[in-house]
Each structure stands twice: as structure tokens, then as C-alpha cells.
Amino acid sequence: MIGRKPNAGLGGSDAEAKAPSNAAPLLKVSSLGAGYGGMPVLREVSLEVDKAEIVALVGSNGAGKTTLLRALSRVIGSTGTIEFAGRDLSPMTPDEAFGAGLVQVPEGRQLFDRMTVEDNLLMGAYRRGAGRAIGRDLERIYGLFPRLGERRRQLAGSLSGGEQQMCAMARGLMAAPVLLMIDEMSLGLAPVVVEQLMEVLAAIRKDGVTILLVEQDVHLALSGADRGYVMETGRIVHHGAAKDLIDDPEVRRAYLGL
Amino acid sequence: MSAARIGLCALAVAVLAAAPWFGSDVLVQFGINALLLAVLAQGWNIIGGYAGYASFGNSVFYGLGSYGVAIAMVQWELPFAVGLAFGVAMAVAFAFLLGLPVLRLKGHYFAIATLALAQVMIAIVSNVELAGQNIGLVLPPLNNDPLFYELALGLLVLATLTVYWLTKSRFGFGLIAIRENEEAAAVMGVNTTLYKVLAFALSGVLCALAGGIHAYWITFLDPESAFDISLNVKMIIMAVFGGPGTVLGPVVGALGLSVVSEVLSSEVTSLASLFFGLVVVAAVVLMPRGLADVVRRFRKSGWRYFAENIRAHRI
Amino acid sequence: DDIVLGASVQMTGSSANTGRYYKDAYAFAIEKINAAGGVSVGGEKRKLALKIYDNQSDVNLSVRQYTQLVAKDKVALLLGPFASNFALADSAVSEKYQVPMVQGGGASDQIFSRKFKYIFGTLAPASNYFGSTVKMLKELQPAPKTVALLYADDAFDVSVAEGTRPLLKEAGFDIVMDEKYSSNASDFNSLLSQIKSNSAEVVLVAGHETEILNFVRQAKSLAVAPKMYSFTVGVPSEDFRKALGADADYAFGMTAWLPSAKLKDRWFGDAATFAKEYKAKFNYDPDYHAASGAADVEALAQAIENAGDTDPAKVRDALAKLNFDSLYGKIAFGENGQIDLPQTVIQVQGSELKAIYGPDGLIEKPKYPMPAWNAR
Amino acid sequence: MSTILEISHATRRFAGLVAVNDVSFTLEEGEILGIIGPNGAGKTTLISLISGTLMPSSGDIVFEGQSVAGLPAYRRARLGIGRTFQIMRPFPGLSVLDNVAVGALFGRNEGSLAEARERARGHLDFVGLGRFASQRADELGGPGRKRLELAKALAMRPKLLLCDEVMAGLNHVEIDEVIGVIRKLRDSGISILVIEHVIKAIKSLSDRLLVLHHGVKIADGAPDAVLADRAVIEAYLGKRRA
Amino acid sequence: MNLLAQILINGVLLGGLYAVMALGLALVWGVLNIVNLAHGAFIMLGAYLSWHLYSYLGIDPFLGLPLTAVLMFALGYGVQRGLLNLVVRAPMFNTLLITFGLEVVLTYLAQLAFSADFRTINPPYAGNSIALGPLALPQARLMAFGVALALTAAMWAFLLRTRLGRAIRATAQNLTAARLYGVEPRHLYAVTFGIGIGLAGAAGGLYGTVSQINPYIGATLTAKCFAIAIIGGLDNPLGVLVGGLVLGIIESLAVLYIGATFGDVASFGVLVAVLIARPSGLLGKTA
Ligand SMILES: Nc1ncnc2c1ncn2[C@@H]1O[C@H](COP(=O)(O)OP(=O)(O)OP(=O)(O)O)[C@@H](O)[C@H]1O
Ligand SMILES: Nc1ncnc2c1ncn2[C@@H]1O[C@H](COP(=O)(O)OP(=O)(O)OP(=O)(O)O)[C@@H](O)[C@H]1O
Ligand SMILES: CC(C)C[C@H](N)C(=O)O
Ligand SMILES: [Mg+2]
Ligand SMILES: [Mg+2]
């Protein structure tokens with residue numbers, strides 16, 4: 001519903017127009033390597049995400065999921081290739097990657113603490129300029145998260161943990177993403193809100209938004225996704241259709257505790 | 001600290017202590033100034049580097065120490081040592097009375113409140129008859145620079161040992177915790193108010209002693225020079241230049257900057273301040289973590305160290 | 001070989017503006033003396049040389065530089081820095097090394113009350129700065145009655161005020177305002193409004209040039225016009241008059257020195273010539289700071305000749321006995337090492353600086369009373 | 001069994017908003033009390049009132065028979081109240097080990113820094129962060145920081161441990177581990193208050209469950225009964241659980 | 001009574017001038033987290049710029065303000081882009097250090113270029129005043145006050161109501177997040193610093209019309225701006241205006257009632273009192 005429509009903002013339509021053929025995946029990562037201060041974390045990571053797909057990325061603590069998203073958003077440097085909508089992301093800065101349609105809801109929320117909730121949401125739409133569409137999306141968001149509506153003038157830093165998480169999600173949605181990457185979506189959210197969010201993801205996917213979901217609740221993630229990747233110590237160790245992964249005995253043992 | 005490092009430090013102190021016997025008068029004079037500045041930087045290091053409170057009030061301690069000596073010696077004709085004690089007592093009283101409200105403030109707000117205190121002190125002392133009002137006090141000259149030098153050196157050793165003790169003690173560890181996250185420190189049982197005030201007072205005692213020695217040495221004192229804010233800026237600059245929150249950083253920073261500025265002042269005399277400014281700017285760009293960090297890392301990364309710094313800190 | 005004189009003055013930093021008078025005057029006087037062949041020491045003509053450092057307006061640095069001059073550069077004799085707080089600290093160095101320092105930059109009485117033997121000063125005592133002004137006030141018609149005394153909170157200006165207060169009382173004036181203000185103040189609106197509401201007829205201000213400038217400009221913008229105002233500094237200096245333009249008109253001041261041809265001098269001829277050549281050389285008019293600085297060099301030169309030696313102790317004794325006419329006036333140091341020169345009242349009249357009232361009474365008719373700002 | 005903590009009529013306001021509204025309950029020694037409630041219900045605020053990071057607008061907090069409502073946070077820590085922060089508060093520039101050493105040096109502890117570091121090592125191993133001991137705390141990922149929070153609190157040797165969402169961001173296997181850890185702590189005599197949105201965990205851990213909604217206590221009782229409550233389901237659990 | 005009224009007028013007008021001087025400092029501090037010790041030096045440069053425009057090109061100092069501001073903006077933009085951007089992610093104290101160095105350099109260069117003497121910007125009307133019964137309203141200060149109000153309002157609208165202003169605030173608070181949401185920070189930082197310095201330049205022009213200028217006025221101005229910014233709080237330009245007014249009025253009253261050396265004591269006393277009672281300034285919000 002809040003996906004990037006041809007007139008909704010910067011880049012979205014370009015990205016679609018430039019996609020060379022329907023067959024090519026929206027995001028294609030091959031032999032990606034990345035790390036911190038010379039210490040490698042990711043090794044030879046390859047993955048693909050198709051347009052309008054929901055892909056789950058799961059793995060235990062410290063596997064490198066967040067690092068992968070950071071590399072995709074160009075917050076940290078990397079080796080290997082990242083192709084997004086036919087463009088090479090490697091030389092881009094984070095803001096350029098965003099401009100190409102790659103939007104991240106980062107781990108730890110990273111809100112603008114001393115700005116109001118509403119300003120945070122408007123910052124999500126920063127590159128969309130000013131316009132009616134933004135006002136409309138804002139109202140939709142408040143419909144979706146009434147709590148944010150009530151708190152629209154409160155400073156984001158003084159929200160409760162869960163409210164902050166909602167705000168971070170909402171800011172991501174305001175950006176009219178082509179590809180939305182969410183790091184630990186359910187973190188700190190009440191079950192009823194998580195349930196709602198999964199419905200929202202399903203809905204925006206219908207509008208053509210692609211989603212890469214990092215989620216510790218592996219069951220939740222795989223039950224909402226089309227496909228999944230499993231990561232361990234910086235490598236992809238399994239991938240496949242989500243429902244196959246849920247039934248995979250190794251995944252069940254290692255992540256679902258069954 | 002390894003035995004080798006201790007030996008090295010002891011040797012350095014010994015060489016410094018011997019300076020008056022082989023160095024010139026100018027060197028000794030320079031030494032007195034540089035050593036006192038190093039004491040100030042080290043004193044500031046306790047509240048600023050360890051507790052993380054950017055104090056601009058340390059020049060008040062310095063001023064109180066100066067006036068302690070001057071008032072005792074000029075108005076009451078008491079010996080120098082009594083003056084020092086008097087100055088220290090005033091500094092401690094100040095730290096407790098004003099530290100309590102002011103140390104509740106965080107970050108910049110603390111900085112500015114302490115800055116204000118220094119301003120206020122000038123106006124107050126200007127109206128105190130005992131302190132000679134604006135006219136100031138003239139102390140009896142003592143022509144014994146080597147003595148002042150050794151006093152300053154002794155004080156610096158004392159200050160540095162104090163800071164070294166901090167790194168090993170419960171108190172110092174509590175201060176570091178306060179610097180890193182005060183609220184978390186409090187819920188873990190650190191008496192943050194007490195610790196901060198004690199750090200402020202400790203830092204103040206060192207600065208007051210430095211002020212007292214300086215007053216006797218320079219022989220003249222007025223409110224403007226005693227409570228000079230730019231001295232406080234100097235302490236910070238020197239501590240940051242060397243590496244705040246380290247044992248030797250502020251000492252190295254103070255001595256290093258003093259040497260640079262001395263060489264500039266006598267070699268390129270009227271261009272000195274320009275070069276000094278440029279050195280400071282370049283230092284921040286090339287070594288934002290202070291000299292202490294350069295010493296630690298340079299061996300590993302060589303000249304690349306500077307390039308890496310720029311890369312790591314720019315946007 | 002040359003006789004090296006050492007000095008450390010404010011070439012940069014907050015006091016650089018006045019510091020330059022000393023730097024330039026020292027260099028100029030030495031050049032002039034050398035051009036005349038130098039000083040004769042025991043029958044032999046020797047040239048003077050100057051070793052000068054920039055103390056960056058920092059007292060600690062100046063103390064160090066004087067030590068360096070004496071201990072390392074081995075200069076023969078010392079010239080002073082500008083301002084009392086510097087002279088106070090630096091005189092301890094000359095005393096310690098027993099090298100005489102002649103300084104024309106510090107006027108505070110404290111410098112000379114320490115019973116130091118090696119410090120000599122050529123500025124008139126601070127306490128007497130307004131002495132001649134008060135005398136003149138008594139002769140003005142219509143006679144003023146009420147006086148406002150304002151002064152900055154530094155050692156020099158507080159001394160001025162302390163000296164002026166009894167003079168005013170003695171002369172029977174009514175001191176309606178007696179206010180100390182902070183040095184470097186830039187806003188005088190409150191004080192000016194009080195002056196207006198107290199209707200003080202005479203306003204005496206002891207302060208720094210920057211403050212005086214702001215004071216006059218703000219007086220204009222608040223339409224505050226007492227019958228007369230007078231300032232310890234600024235009025236004699238060309239910068240000051242240039243910065244104020246027409247608004248400088250009517251301002252009184254004082255100086256211990258005027259570039260008059262009556263002040264005969266061995267090296268420059270007379271003070272007027274000095275002023276003319278100085279202006280030609282440095283491109284600004286000298287004032288009494290410059291003259292005092294040049295006189296310091298002359299005093300040393302004269303003392304060396306009298307002593308017939310450059311030995312510091314001998315020069316010191318010669319200085320103490322000195323009595324000669326310089327371009328600055330008669331130089332004869334008192335018991336405490338300071339000379340006593342009377343102040344001459346001066347006033348800006350139109351675009352000119354006029355001497356109004358000297359030790360021998362009225363010289364020129366003062367423009368008095370000052371009209372309202374919108375009436376001039 | 002005696003009462004270790006008694007909250008009576010605790011209220012806390014933020015400019016116009018009542019985050020905790022007249023809440024009363026008790027916690028028995030050796031008990032695990034679960035607290036759940038929608039986002040923004042006031043759970044974290046409640047913990048802050050108990051630990052002393054926030055002062056109550058009104059009401060009283062009695063710990064081991066002594067009113068602590070007016071005491072500063074560090075005094076409460078020394079009495080034996082330890083907490084974790086939902087929005088983590090590591091000492092970012094310190095090593096992971098030193099983070100924990102702060103707890104092992106202060107809290108209810110005495111002794112030297114060296115001893116504290118020694119004890120801290122044990123706590124790190126206990127929460128599974130042993131191999132990160134020498135890393136800077138700000139290099140840990142989110143879940144790593146969660147564990148660090150727990151280790152820091154444990155190192156204080158608290159009698160009452162307040163856990164604010166220590167399981168958020170862990171997968172099911174890891175959650176089971178932490179459940180084990182908390183049970184062990186209880187068995188060693190520590191009383192525990194847990195806030196958690198992971199229903200499975202809170203259900204299996206808690207001896208008793210308390211529900212907050214809009215700052216008000218709306219249910220208090222055995223976990224199974226509370227989780228079957230209509231109001232709780234509607235406000236908190238969602239229809240999938242109904 | 002007249003005296004009190006006059007003093008209050010003086011205080012308000014002075015406060016307006018203070019506000020413009022502090023506006024840029026507060027912006028750079030609050031937004032970029034750079035405590036710009038060179039702010040006063042930039043005010044000084046702005047004053048000299050304005051002086052030159054007036055003295056050599058005959059451009060009226062008030063009409064020349066936009067030009068001064070634009071030129072100073074360019075300078076600020078360049079300094080941030082070429083220098084400060086190199087250290088924005090270094091530990092906080094470093095910005096203190098580098099701007100200190102910058103202050104030293106700028107002051108020195110100013111002395112070199114303009115010499116240590118003092119100047120005034122003295123257009124014919126600078127000393128005029130409007131008589132209001134027994135009260136006098138100095139014309140230049142009144143105009144400066146008007147400019148102050150206008151600039152404050154413009155800054156407020158810009159920061160709190162425009163997209164760019166919001167992005168500037170956001171970048172200040174969380175650089176990573178801002179980049180993740182499409183903000184290019186290098187340019188934005190430079191624009192922000194540029195605006196701060198542009199404001200300093202404008203303030204310098206105004207300052208020169210009521211006060212003397214010399215290369216050394218910077219340090220004291222920086223200290224004053226500090227105090228104002230903090231009394232008002234850093235989040236909101238309106239706060240800075242309030243801070244300036246409060247300070248101006250208190251100083252003026254202190255001179256009247258306590259004594260002329262107590263202007264600073266009184267204002268700093270108020271500062272400390274405000275801080276202790278409201279740690280984020282008069283209008284600040286707490287996060
Ligand atoms: N800023 C950093 N500096 C240094 N090392 C880091 C940094 N951030 C993460 N790491 C290290 O990189 C590895 C991968 O971490 P990452 O955060 O990508 O894992 P993750 O899969 O997201 O795990 P989690 O479930 O904990 O979020 C870990 O070993 C972690 O310690
Ligand atoms: N400093 C503050 N100023 C204003 N409102 C605040 C402040 N702190 C908390 N709040 C509000 O108080 C309410 C309770 O917050 P609290 O953090 O206790 O919720 P919570 O139950 O812990 O929620 P969550 O499950 O999301 O962590 C929230 O609506 C929050 O926005
Ligand atoms: C005005 C000057 C002639 C005096 C100088 N300011 C001093 O301190 O003595
Ligand atoms: Mg992660
Ligand atoms: Mg919470």
C-alpha cells in the first residue's frame with residue numbers, strides 16, 4: 001500500500017524502467033565479503049531476491065546478517081558484486097543506495113531521538129520531496145499504528161522500546177522502498193503488533209515492494225516468507241523455499257528448538 | 001605497567017630533575033612553565049579525561065591556589081607552605097560547594113556552567129579587599145628558579161602517580177564508568193554524585209597547587225590573570241592533544257605543545273601564533289586520538305596511521 | 001661590537017595595538033642614535049642594537065623572554081614591555097639578574113613601590129592622570145558642579161580613580177556617580193542612561209581605547225551630552241580620532257607629551273621633528289607611548305655615556321642620577337625609579353588636537369560646554 | 001517465603017501522560033514474576049521506578065521491609081536491586097569484560113579491581129560471551145549487548161533481578177538457553193521480575209503473571225489463567241492466539 | 001521611572017544583537033555538535049567585511065548585510081567541506097581543539113591583514129536616535145533589532161518547517177540513519193556550517209555599527225554567545241532569541257542596580273540558575 005508507485009517519488013520508476021529483463025532478479029549478490037577493521041565477517045555470500053518477493057534471512061547470533069544488510073546499504077565497504085535493479089551498488093554511498101530504492105530498517109532502530117515521531121516519519125520520505133502523497137501516506141501510517149498517531153509530537157527518544165520499533169518500521173515504509181530490508185522486525189513488539197505487521201508486509205508486497213526480512217523468530221519469518229536463506233558464521237549454509245526450510249530437520253533443530 | 005616502562009619513567013624523571021644543573025636559566029624557566037602546565041593538564045585529566053566532565057572551572061582552582069599563597073604571604077606574612085595549604089583548602093571547599101549543583105549538569109551544559117563560575121570569580125575577587133581588589137597583590141620575589149622547578153616537577157610526579165592510581169583503583173574505575181554511561185553506572189551501584197565531586201576536588205587540588213607555585217614564582221597576581229579562562233582552554237587543549245583519559249597522555253601533550261610553542265616563539269617570533277594554530281589544526285586532523293594513540297599504533301601501521309585516521313573520521 | 005638592548009613587547013594578541021608604539025619607537029630611536037655615530041663608551045663610539053621578542057600579550061611568555069634576553073642572548077640592558085601587569089612581572093627578572101630595565105609602558109604605582117633597584121619608569125604616575133584636568137575644571141565657565149567618575153576594573157584605571165577622587169572632593173565638586181565597570185565592556189548604554197538621569201555635567205572616564213570608542217558612539221546614539229567629557233586614553237592617538245570621525249569633536253583627554261618644538265632633544269632635534277619623521281616612517285602619528293618608548297632608549301644611551309661603561313651596575317647608578325632633556329621631556333628618575341611629568345589637557349577641536357591646559361595654566365580656549373548631539 | 005518487594009500505588013507521570021497508574025503488587029522471595037502488556041503500557045517505567053532511574057510521582061516501593069522510593073539508584077543497587085536496560089546501556093568504550101567488571105566491583109561487592117575482573121570472567125562465560133571478553137562493547141551486535149546487560153546485572157550479585165526483555169532478538173534455541181539461565185538464578189535464591197514479549201518463554205518461566213495496560217494493572221495471577229483472559233487477548237495477544 | 005524604562009529599552013535592543021550573534025553558534029553546536037570556538041572570530045571577520053564594503057565601496061552596512069552573509073556563508077561552507085568534514089566522526093573534544101586552532105589562525109591573519117588598530121562602521125545615521133518623550137531609541141540598534149527578529153524567525157521556519165531544515169537536524173542526531181534515508185551529509189554539513197558562519201557574518205556587520213572592531217574581539221564574543229545559546233537552549237532559534245533578550249535585560253539592570261562590574265556576574269549567575277533548574281535551557285525539551 002505504501003510501495004513506490006511511478007509517481008510516488010525518486011528513483012522507483014527509474015529502477016523499474018532500468019531493470020533489463022523480467023527474468024533478472026532485483027537484487028543479485030555474488031561472493032560478497034565484508035568485515036570490520038580488517039576482520040572479515042562475511043565470506044563468499046551469494047544470494048538473489050526477485051521482485052515482489054518476501055525473502056527471510058535467518059541465522060544465529062553473530063552470524064553476520066546485520067553485517068550483510070550494512071554492506072548492501074553501503075554503510076560498510078565490501079568485496080564481490082552487488083547488483084540491484086541492473087545497477088552496480090558497490091561504488092555507491094548509503095544515500096545513493098537509498099536513492100536507488102534500497103531502504104533499510106536498521107538493527108537498533110537508529111531513530112532521530114531528539115526529533116518528534118512525525119519528523120522521524122517525514123525523514124523517511126526525505127528524498128520524496130514534498131507533496132500530497134506524503135501527507136496521505138502519513139495518515140495511512142497513523143491508521144496502521146494508532147499509537148504513533150497519539151504520540152506524533154513526542155520526541156522519538158522518549159518512546160517505549162516497542163513504540164520506537166514501530167516508529168522505525170513506519171519510517172521505512174514512508175520511504176516508498178523498492179526493496180525493504182528489515183533487521184529484526186519483531187524485536188520488542190507485542191504479539192498483536194507483530195501479527196499486524198506481517199499483514200502489512202503481505203499487503204505492500206502485493207503493491208510490488210520487495211522485502212528482505214531478517215528475523216530471529218525463525219518460525220514467524222519463514223511462515224511469512226516465500227523463500228529463505230540460512231546464515232552461519234558469515235556464510236549462507238541453506239536456502240530454499242520457506243516451507244521446505246521450516247520442515248528441514250537441521251533448521252528445526254538449530255533454530256526452532258524442536 | 002611493565003618493569004621496563006617503570007624504569008623508563010624513572011629515568012625520565014631523573015633526567016628532568018637534573019636539568020637545573022646542566023640546563024640554562026632559560027631552560028629552567030621554560031621548564032617551570034611547561035611542568036606547571038602539565039600539572040594542570042593532568043589535573044584536568046581527572047575530571048575531564050576520566051570522569052568525562054569537560055570542566056572549564058579548573059582555572060578557578062588555579063586562581064584560588066594563587067590567591068591562597070598570595071594572601072597568606074602578603075597579607076598575613078605566613079610562609080609559602082601555609083599559603084599552599086590555604087589555597088588547597090579553598091579549592092576543596094569550592095569543589096564541594098559548587099560541584100554539587102553544577103555536576104548534575106551533563107555535557108556542554110556542565111562545561112558552560114563551569115565557564116560561568118570562572119567569570120563570576122573575577123568579579124567577586126575584584127571586590128575583596130583582602131585579595132587586593134583589582135590592583136592585585138605583589139609577592140616578595142624569591143630568586144631561586146631551580147627550587148620552583150623542582151617543586152613543579154615534584155608536583156607533576158605526584159599528579160601523574162595520582163592518575164596512575166586511578167587506573168588501578170575502584171574510585172578510578174567508577175569514574176570511567178560514569179564517563180561511559182552515567183545512568184548505567186548509577187544502577188550498578190556507583191555513587192555517581194560523590195565520585196564526581198571527589199574527582200572535581202582532586203582535580204582542583206592539583207590545579208590549586210600549581211597556581212600557588214606559579215603565583216610565588218611570577219610575583220604578581222591580579223584577578224584577570226589568576227582566573228584566566230584561556231588557561232583552562234590550554235589545559236584542555238594539552239590534555240586532548242596528548243590523549244585524555246590516559247596516564248601519560250596529558251603530560252606528553254603539555255610538554256610537547258609547550259616545546260612547539262616555545263620554539264616557535266623564539267624562532268619565528270611574530271609568526272608564532274599562526275604556526276601554533278596550524279599545528280593544532282593539523283594535529284586534530286592527523287591524530288584525533290592524541291599522541292598517546294600515535295605512540296601505541298604508529299609502530300604497527302607506520303605512516304599509514306595518519307591516512308587511516310583521516311579515512312576513519314571524515315565523512 | 002654593538003651594545004645590545006633587549007625587549008619583549010606585544011606585537012600580536014590583545015595589546016598589540018599599543019604594543020606597536022614601543023616596538024617602533026625602540027627601533028626608531030636606536031636607528032637615530034646609530035646614525036649619529038652611536039654612544040661613546042670610554043672614548044670609543046659604539047652602536048646600539050635591538051633584540052626584540054613578541055610576547056603575544058602573554059605575561060608568562062614575556063617573563064621567559066626577558067630571562068632569555070638576559071641569560072642566553074646576553075643583552076646588555078633592558079627596555080620594557082607595555083602595560084603595568086607586564087612590567088610588574090618582568091621587573092622581577094631585571095631585579096633578579098641585576099640588569100637595569102627602563103620601561104615606558106607601565107604607570108601603576110605598584111611597580112615602583114617594591115623597592116626594586118633595577119626598574120625605571122618614564123610614564124607619569126597613574127594617580128595623577130586627571131590632576132591637570134581637575135585644575136582646569138575649576139576655571140571653566142559656566143562652572144560645572146557635578147561629576148561622574150567611571151573607570152575600568154584593572155590595576156591602572158583603579159589607581160587613576162583613586163587618585164582623582166580626593167582631587168575632585170578637594171576642589172568641591174559633587175561626585176554624582178562613581179562606577180567601576182568591567183574591562184573590555186562593549187555596552188555602555190546603562191551607564192550612559194544613568195549619566196543622563198543624574199545629569200552629570202562632567203564625565204571622567206579611565207579606561208581602554210576600545211571602551212572609550214564605544215562609550216562615545218553610544219553616547220551619541222542615546223543623545224547623552226554632558227557639558228564635557230574626558231578620557232585617560234584614546235584622545236591623543238590618531239587611530240582613535242580616525243575611528244570616530246566627526247564624533248571625536250569636543251572630547252578631552254590628557255597627555256604627558258605633545259610633539260612640540262619646545263622639547264629639545266639631542267638626537268632628534270626636537271619632539272616635533274621626531275613626530276614628523278616617525279609618521280613618515282611608520283605611517284601613523286606617535287603619541288606619548290611612542291615618545292616614552294623613544295625616551296627609554298635615550299635614557300639608556302645617556303646613562304651608558306655617563307657611566308662610561310656598559311656594566312649593568314654602573315649603568316644603573318648612572319640612571320639613578322640621570323638628568324637630561326629628551327624629546328619626551330626632562331628625564332630625572334625619582335627615589336622610586338619613576339619620573340614625574342605633569343599632564344597636559346588636550347581636546348579634539350574640529351579635526352585638530354589642541355593643547356588646552358598645561359602646568360602653567362590655560363594654553364588655548366576649550367570648546368565648552370559641549371552642545372547637544374543634534375545641535376552640532 | 002517472605003515478601004522481598006512490595007509496590008503500593010505506584011504512579012508515574014510524564015507531562016500529561018500517566019505511564020504507570022496506581023499499580024500495586026508484591027514479589028515473594030525466590031519467585032519469578034512475569035510482566036506483559038502492550039507496547040507503551042508502562043512496563044519499563046515500572047522497572048525504572050524500582051531501580052531508581054526514575055522517581056515515582058506517588059506511591060511507595062518497599063524492598064526487604066525498607067522503603068526505597070526516595071533512595072538514589074546506587075543505594076538501591078547496593079541493597080541488591082539489579083536491572084537490565086531494554087534499550088541497552090553498555091559502557092561503549094570499555095571492553096566487554098570491563099563492562100561486567102563494573103558490576104563485579106560495585107553492586108553488592110567489595111574487593112579490588114583485579115578480583116572484580118576475575119569474577120566478571122565467570123559471569124561472561126555464564127551468559128556465553130566469554131570469547132568476546134576483550135572486544136569493545138560497542139562492537140557487539142544487538143543480541144550480544146542483551147546478554148551483556150544480563151551479565152552486568154548478575155555481576156552485581158543482586159537479590160532482586162529486574163530483566164527488561166533480555167530475550168528479544170534471540171532465536172528459539174537461544175531463548176531456551178536463557179530460560180535455563182534464569183531458572184538457575186532463581187534456584188540460587190534470586191527473586192526475579194521478567195518483562196518479555198515472547199509468550200512461550202514468559203509462560204514457561206513465570207510463577208505468576210501480571211498484565212499492564214495503559215499503565216494500569218489489568219490482570220494478576222497464574223500464567224495460564226491470565227493468558228486466557230479475554231481482555232488480555234484482545235489488548236495484547238492478538239487473534240492468532242485467541 | 002524614566003531611567004528604568006530607558007534601561008529596559010537598552011536591554012531589549014542589546015538582547016536582539018546578542019541573539020543574532022549567538023544564532024549561528026547555537027545552530028552549529030546544536031546541529032553539528034561542534035562547539036565552535038572560532039565563532040567570535042567569524043563575527044570579527046564579518047565585521048571587517050562589512051567595514052570594507054562600506055569604506056571602499058560605500059555599501060550601506062545594513063543593505064550590505066545579505067552580501068556579507070553570503071560571502072561568509074561561502075567561507076563557512078569551504079571550511080566545513082575542506083577541513084571540519086575530515087574530523088566530524090572523531091571524539092567530541094577534537095572539535096573544540098580544531099576550532100580553537102582555527103580561532104588562533106583567523107585572529108592572526110586578521111591582524112596581518114587589518115593591523116591591530118580598531119575600526120568602526122560609522123554611516124551618518126549610526127549615531128541618530130529617535131526621541132520618545134524623555135527616552136531615546138538608538139536608530140542603528142533598533143534596525144539591528146529588527147534584523148535580529150527577522151533572522152530568528154527565518155531560522156526557526158527553516159529548521160523546523162522545511163525539508164532541508166529537518167534533514168539538517170536529523171543528520172546531526174544520527175549520521176548513519178540519515179545516510180540510510182538518503183541524506184548526503186558532506187554537503188549538508190557544509191551548508192549548515194555555512195549558514196552558521198553566514199549568520200556570524202551578518203552579526204558582525206551589525207556589531208560593527210554599534211561597537212568598535214579589532215582583530216581580538218572574537219574570544220569574548222564567543223564566550224558571550226555560549227552563554228546565550230545555553231540560556232535559550234540549542235534546539236530552537238526562538239530560544240536563542242529569548243536567551244539573548246534575557247541576557248541583555250539582566251546585564252542592563254545589573255549595571256543599574258548592582259554595579260557596572262556585575263553585568264557578567266549577574267548574567268552568568270542567571271545562566272547557572274537556569275541550567276540547574278532547567279538543564280536544557282529555557283525553551284528546551286528533554287528527550
Ligand atoms: N561495529 C563492529 N565492529 C566490529 N565487529 C563487529 C561490529 N559489528 C558486528 N561485529 C561482529 O561481526 C560479527 C557479525 O555480526 P552481525 O551483527 O552481523 O551478526 P548478526 O547475524 O546480525 O547477529 P545478531 O543476531 O547478533 O544481530 C559478530 O562477530 C560481531 O561481533
Ligand atoms: N521521558 C518520557 N517522556 C514522555 N513520555 C514517556 C517518557 N518515557 C516513557 N514515556 C511514555 O510512557 C509510556 C510507557 O513507556 P514504557 O517504556 O514504560 O513502556 P513499556 O511498557 O516498557 O513498552 P514496550 O513494551 O514498548 O517496551 C510510553 O507510552 C512512552 O511513550
Ligand atoms: C594607559 C597606559 C599609559 C598605562 C598602561 N595601561 C598601564 O598599565 O600602566
Ligand atoms: Mg544483527
Ligand atoms: Mg519497555
Side-chain angles (χ1 to χ4, degrees), chain B residues 48-49 54 56 98 101-102 104-124 126-127 134 229-230 233-234 236-237 239-241 244-245 270-290 309-315, chain E residues 29-30 33 35 37 83-109 111-112 171 175 179 184-186 188-189 219 223 226-227 229-231 234 259 261-276 279-281:
Chain B
F56 277 83
L98 284 152
V102 163
R104 287 175 43 202
L105 304 170
K106 301 265 142 51
H108 303 322
Y109 296 108
F110 172 78
I112 202 74
T114 49
L115 182 81
L117 292 177
Q119 289 286 359
V120 171
M121 283 310 287
I122 294 184
I124 291 177
S126 301
N127 290 290
N134 294 108
I229 298 280
S230 68
V233 176
K234 256 190 205 160
I236 300 180
I237 300 293
V240 173
F241 187 79
S270 64
L271 281 174
S273 62
L274 175 67
F275 281 118
F276 187 73
L278 291 176
V279 167
V280 170
V281 169
V284 177
V285 173
L286 294 175
M287 37 188 235
R289 294 184 179 278
N309 264 332
I310 295 183
R311 208 169 311 125
H313 298 296
R314 70 158 180 227
I315 43 162
Chain E
W29 184 356
N33 204 20
V35 182
L37 292 181
L83 184 65
L84 298 180
N85 271 352
L86 294 178
V87 298
V88 284
R89 289 194 295 165
M92 211 286 290
F93 280 131
N94 282 286
T95 67
L96 217 59
L97 203 57
I98 198 166
T99 55
F100 166 78
L102 208 55
E103 202 258 354
V104 173
V105 170
L106 290 178
T107 305
Y108 183 86
L109 293 179
Q111 183 187 333
L112 204 66
T171 312
L175 178 61
R179 300 183 87 168
E184 200 286 288
R186 264 168 266 194
L188 208 70
Y189 273 20
F226 250 154
I230 293 194
I231 291 184
L234 299 173
T261 40
F262 288 94
D264 275 353
V265 178
S267 56
F268 280 112
V270 168
L271 169 72
V272 174
V274 166
L275 281 178
I276 287 169
S280 47

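We use all heavy atoms of the structure for the numbers below, so side chains are in, but hydrogens, waters and symmetry mates are not. Chain letters run A, B, ... following the sequence lines, proteins first and then strands; every chain starts at 1.
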Completion exercise
CG (Leu112(E)) and CG (Leu274(B)) are apart, to the nearest 0.5 Å, by 8.0 Å

Fill in the blank from the handout: Closest heavy-atom pair, Val280(B) versus Leu97(E), reported as atoms and distance to 0.1 Å, is CG1-O, 3.3 Å

Completion exercise
Scored by heavy-atom pairs under 4.5 Å with chain E, the best of Met121(B), Arg311(B), Arg289(B) is Arg289(B)

Handout entry: Phe226(E) versus chain B, the contacting section by heavy-atom distance below 4.5 Å
Key = both

Fill in the blank from the handout: Ranked by heavy-atom pairs below 4.5 Å to chain B, first place among Gly101(E), Gly259(E), Ala229(E) goes to Gly101(E)

Handout entry: CA sep, side-chain torsions, deciding dist, call: Val240(B), Phe100(E), side-chain contact (heavy atoms from CB on, under 4.5 Å)
Key = CA-CA 12 Å; Val240(B) 173; Phe100(E) 166 78; over 6 Å; no

Problem - Largest heavy-atom contact set with chain B, pairs under 4.5 Å, which of Val104(E), Leu102(E), Ile98(E) - result: Ile98(E)

Handout entry: Closest contact, heavy atoms only, Leu86(E) versus Ile310(B)
Key = CD2-CG2, 3.9 Å

Completion exercise
Of all heavy-atom pairs linking Leu278(B) and Val105(E), the shortest is N-CG2, 3.7 Å

Handout entry: Which portion of Ala312(B) sits near chain E, non-hydrogen atoms under 4.5 angstrom
Key = backbone

Completion exercise
The reported gap from CD1 in Ile237(B) to CG in Leu37(E) (rounded to nearest 0.5 angstrom) is 7.0 Å

Handout entry: Side chain / backbone / both / neither for Leu109(E) at chain B, heavy atoms under 4.5 Å
Key = side chain

Handout entry: Polar side-chain atom of Arg314(B) near backbone of Val87(E) as donor-acceptor pair, under 3.5 Å
Key = no

Handout entry: Val233(B) versus chain E, the contacting section by heavy-atom distance below 4.5 Å
Key = side chain

Problem - Region of Asn309(B) that comes under 4.5 Å of a non-hydrogen atom in chain E - result: neither

